[in-house]
Each structure stands twice: as C-alpha cells, then as structure tokens.
Amino acid sequence: MRTDNPVDWHPESGETELARYPVSFATGTAASVEGRRSFRDRRRNDIEPELPGWPAGPTFSVRGLPGKAGVHVGTGVSGVFAVVGGILSDLLGGSTVNPEPGRGKLEERENEVDDFPVMWADAGDTARTLPWQLDPSRRPSGYSTEIVLTTRRLLVTGSGTMLWETSRESIAEATPRRFSIGQSDFRILFQDGSWVRLTTRVSDHTTELLGLLTGSHRRLSGAELSAEQQERISRFTATLPSGAAPPVLTRLPSGLVRVRSTVAGSKPGVVSESRGFVMDDAGRDATPHSGDIGQGKA
C-alpha cells in the first residue's frame, strides 16, 4: 500500500518493531551499468514515465566497451589490469573476475550486467507502489529513507514519516543479491510476482533484516536466555554509558545469541555506534558461523 500523504509512523497496539536500517534502491556495479538503475515491466520495457508523481531522473542506458573503460579511467595504473579483466569478463559472459572488493559472483547477467532493474512490475503490481524517495538520484540532498520491519508489516519511512507499507503476508520471498558492493543488495519478491532490488549498503544489516523476515534469525527476550547468559548480559549492561539503548538480543541461525546495544558516538561526526558480542548457551564469547552475520564470501 502506498501512502500518498506521508504521516508520522508509530507501531500499532500489539505490534513490535524488529529492525530498522537505511535503505535505497540498489545501484549497478558492473562497468556496463555502474552507478545506474532501471525500472521495468515484465517484458523489460521502461516504466519510469508511467510511475505517477515520480520526479524526472537520469536516463538509463547500458555502456558499451569505450564507456566501460571510461568509468575507471582514473583508477591509476595499479587498477588497470583488474578493470580490463572485469570488462573482458563481462564481454565473454564470465563471472569470475570481480575487481571491486567484497562483491560476490555474478548471479543474473541479464539483470546485473546487460541491464540493472531495481523494479520489475506490471501495472497494478505491488512493486510499483514503492516510493520514489528510495531513488538516491531523485530525492533531495540530505534526505534519508529507512526500511522498518515489524511483527506485522514491512515499511519504508522518509525522514521520520511513513511513505509505504505492506503486510508481511504479501511478501513471497526475500533473498540476498551477492553481486553487489559488500554483498548488501537484496531482492523482495511479492506474492503477485513483482519484485524490487534494494540495498542497506551494509552486509550485516541485510543479513539480519532478511533473517528476521524469513525466520532464520529471531529476536529474544531476556527470559528466554539461560542463567549464564542473563548474568553475562547484566555485566555487559553495567558497562554501558548513560543513555545507551537496552541490548537487542538475536538468536542466530547457528543457535548462538548476538547481543548489541547502540550508544552515542565517541568520535567527531559519528552519531552512534554499536557495542556487543556473540555468546553461546553458557554465556561465553563465541565465533559466529557462516550465515549468522554478513553475507560471507560467495
């Protein structure tokens, strides 16, 4: 559901907020589409002119070989060979050369190299209702959007007001898209078959958001912890500065528990920072398993 008149958002009675992270439409990373995004119907036609109320944005086009090389012309001699290798990999249909640090392997050439749709929807589909403010190239400077997951809904807010919402039941699937910087992109597939590609820009945030949405991660209450874990939490809480948020407890896919609290930033320009740890059933420090935190290496 799209909210034409943005309003302040507050959880409803009996509704609990589970996660909140900065979010935007994803951006291409392959040389052919770097810094670009498209909006398509299910026949791959451009639908931007059909999206009601959307401000004009940059025209999408796929770069040819000269344009791909030009994207990285300022990388310096040390990066030339990696760039050339990436371009050749694109041309040959390969996916093993990934010059950008933290980017996983190519998954869908047609949607990540030959084109880069972040909205795939026909008229009337759910994906078309997402707000234009998610597009960094359209929203005002300094304007930020967040994705909010609750026990009932998935929402998008902009500078504190609700822009869009849908019930969790309308979501058919939520999957990571590894061919992205830091592997932070993800796709939400709706029950009607339409989808959007979004990014939190932080792999850890994407992993937790999708985990909470699909059920592989779960928020816990203190009462669900063992006596040893509760005692560890008590010691940790005593070390937090005044005004720190109460620790958020998450059961990870491995069964370990992640403890995290948000405190005021300790460095100039840093508004907030996280403190925490991962522990086992006995309250001892533990190393997260693959899939617990962040996307890991593809």
Side-chain angles (χ1 to χ4, degrees), residues 9-23 146-157 160 165-169 171 173-176 182-184 186 188 198-267 270-296:
W9 176 77
H10 301 284
E12 298 173 348
S13 175
E15 181 180 32
T16 301
E17 180 180 317
L18 300 176
R20 176 191 293 262
Y21 295 119
V23 72
E146 292 183 311
I147 192 165
V148 182
L149 177 66
T150 78
T151 49
R152 298 176 182 173
R153 298 176 286 173
L154 187 69
L155 307 95
V156 173
T157 64
E165 65 169 337
T166 191
S167 68
R168 293 183 60 155
E169 288 73 22
I171 299 171
E173 189 177 63
T175 53
Q183 300 182 57
S184 58
F186 61 99
I188 293 180
L198 303 170
T199 184
T200 65
R201 305 300 298 173
V202 179
S203 176
D204 185 12
H205 295 173
T206 295
T207 297
E208 184 167 87
L209 174 69
L210 299 189
L212 291 168
L213 189 55
T214 60
S216 65
H217 292 61
R218 186 171 69 86
R219 294 290 192 231
L220 299 174
S221 67
E224 297 177 84
L225 301 179
S226 68
E228 295 84 357
Q229 290 174 324
Q230 291 182 22
E231 197 275 333
R232 176 74 188 278
I233 294 289
S234 179
R235 295 201 313 268
F236 169 70
T237 302
T239 68
L240 296 175
S242 176
V248 175
L249 313 176
T250 306
R251 177 79 70 186
L252 303 174
S254 64
L256 298 173
V257 174
R258 181 178 187 178
V259 180
R260 184 165 57 182
S261 181
T262 302
V263 301
S266 59
K267 298 179 181 179
V270 177
V271 177
S272 64
E273 56 190 43
S274 293
R275 294 187 187 178
F277 54 91
V278 175
M279 63 180 174
D280 62 16
D281 289 341
R284 297 171 302 207
D285 286 336
T287 301
H289 296 195
S290 176
D292 280 348
I293 298 174
Q295 302 295 348

Can you list the steps and then say if Phe186 with Ile147 is a side chain to side chain contact (heavy atoms under 4.5 Å, CB included)? CA-CA 12 Å; Phe186 61 99; Ile147 192 165; 4.2 Å; yes

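- Of all non-hydrogen atoms in Leu210 and Pro176, the two that sit nearest each other are CD1-N, 3.5 Å.
- Atoms CZ and CG, from Arg251 and Leu256 in turn, are 8.5 Å apart once rounded to the nearest 0.5 Å.
- With hydrogens and angles disregarded, a donor-acceptor distance shorter than 3.5 Å links the side chain of Ser261 to the backbone of Ala245.
- Ala282 and Asp280 make their closest contact through N-OD1, 2.9 Å (heavy atoms, listed as atom of the first residue, atom of the second, distance).
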For side chain to side chain contact (heavy atoms under 4.5 Å, CB included), just list the numbers for Glu231 and Ser234, CA-CA rounded to whole Å, side-chain angles, deciding distance to a tenth of an Å, and then say yes or no. CA-CA 5 Å; Glu231 197 275 333; Ser234 179; 5.6 Å; no

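- Without hydrogens or angle criteria, Thr206 side chain to Ser184 main chain gives a donor-acceptor distance under 3.5 Å.
- Summarising the geometry, atom CD belonging to Glu169 is positioned 12.0 Å from atom CZ belonging to Arg153; distances are rounded to the nearest 0.5 Å.
- Judged by distance alone, with hydrogens and angles left aside, the side-chain atoms of Asp292 form a donor-acceptor pair with the main-chain N or O of Ser254 at under 3.5 Å.
- Annotation for Leu220 and Glu224: closest pair CA-OE2, 3.4 Å, computed over non-hydrogen atoms.
- Note that the CG atom of Leu213 and the CG atom of Leu154 stand 6.5 Å from one another [nearest 0.5 Å].
- Separating the CZ atom in Phe236 from the CE atom in Met279 is a distance of 10.0 Å, to the nearest 0.5 Å.
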What's the verdict on salt bridge (Lys or Arg N to Asp or Glu O under 4.0 Å) for Arg152 and Glu15, showing C-alpha distance, side-chain angles and the deciding distance? CA-CA 7 Å; Arg152 298 176 182 173; Glu15 181 180 32; 5.0 Å; no

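- Between Glu208 and Arg219, at least one side-chain N (NZ, or NE/NH1/NH2) sits under 4.0 Å from a carboxylate O, which counts as a salt bridge.
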Given side chain to side chain donor-acceptor pair (under 3.5 Å), test Thr16 with Thr151 step by step and report yes or no. CA-CA 6 Å; Thr16 301; Thr151 49; 4.7 Å; no

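- The ring-ring contact (aromatic ring centres under 6.0 Å, His included) search around His217 returns none, not counting sequence neighbours.
- Nearest heavy-atom pair, Ser203 versus Gly182, reported as atom, atom and distance to 0.1 Å: CB-O, 3.0 Å.
- Note that CG of Asp204 is 6.5 Å distant from OH of Tyr21, once rounded to the nearest 0.5 Å.
- Between the Gln230 side chain and the Leu225 main chain, a donor and an acceptor come within less than 3.5 Å of each other.
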Does Arg168 form a side chain to side chain contact (heavy atoms under 4.5 Å, CB included) with Leu149? I'd like the steps, not just the answer. CA-CA 9 Å; Arg168 293 183 60 155; Leu149 177 66; 4.0 Å; yes

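- Minimum heavy-atom separation, Val263 to Ala244: CG1-CB, 3.5 Å.
- Enclosure of atom CZ in Arg260 by more than 12 non-hydrogen atoms of other residues, nucleotides or ligands within 6.0 angstrom is indicated.
- The backbone N or O of Ile233 lies less than 3.5 Å from a partner atom in the side chain of Thr237, making a donor-acceptor pair.
- Closest of all the heavy-atom pairs between Pro288 and Ile293 is CG-CD1, 3.7 Å.
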Would you please test Arg232 and Asp285 for salt bridge (Lys or Arg N to Asp or Glu O under 4.0 Å) and show each step? CA-CA 10 Å; Arg232 176 74 188 278; Asp285 286 336; 2.7 Å; yes

Run the numbers on Thr157 and Arg20 for side chain to side chain contact (heavy atoms under 4.5 Å, CB included), then give the verdict. CA-CA 10 Å; Thr157 64; Arg20 176 191 293 262; 4.0 Å; yes

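- We find the CH2-OG1 distance between Trp9 and Thr150 to be 6.0 Å, quoted to the nearest 0.5 Å.
- Between the Thr250 side chain and the Leu252 main chain, no donor and acceptor come within less than 3.5 Å of each other.
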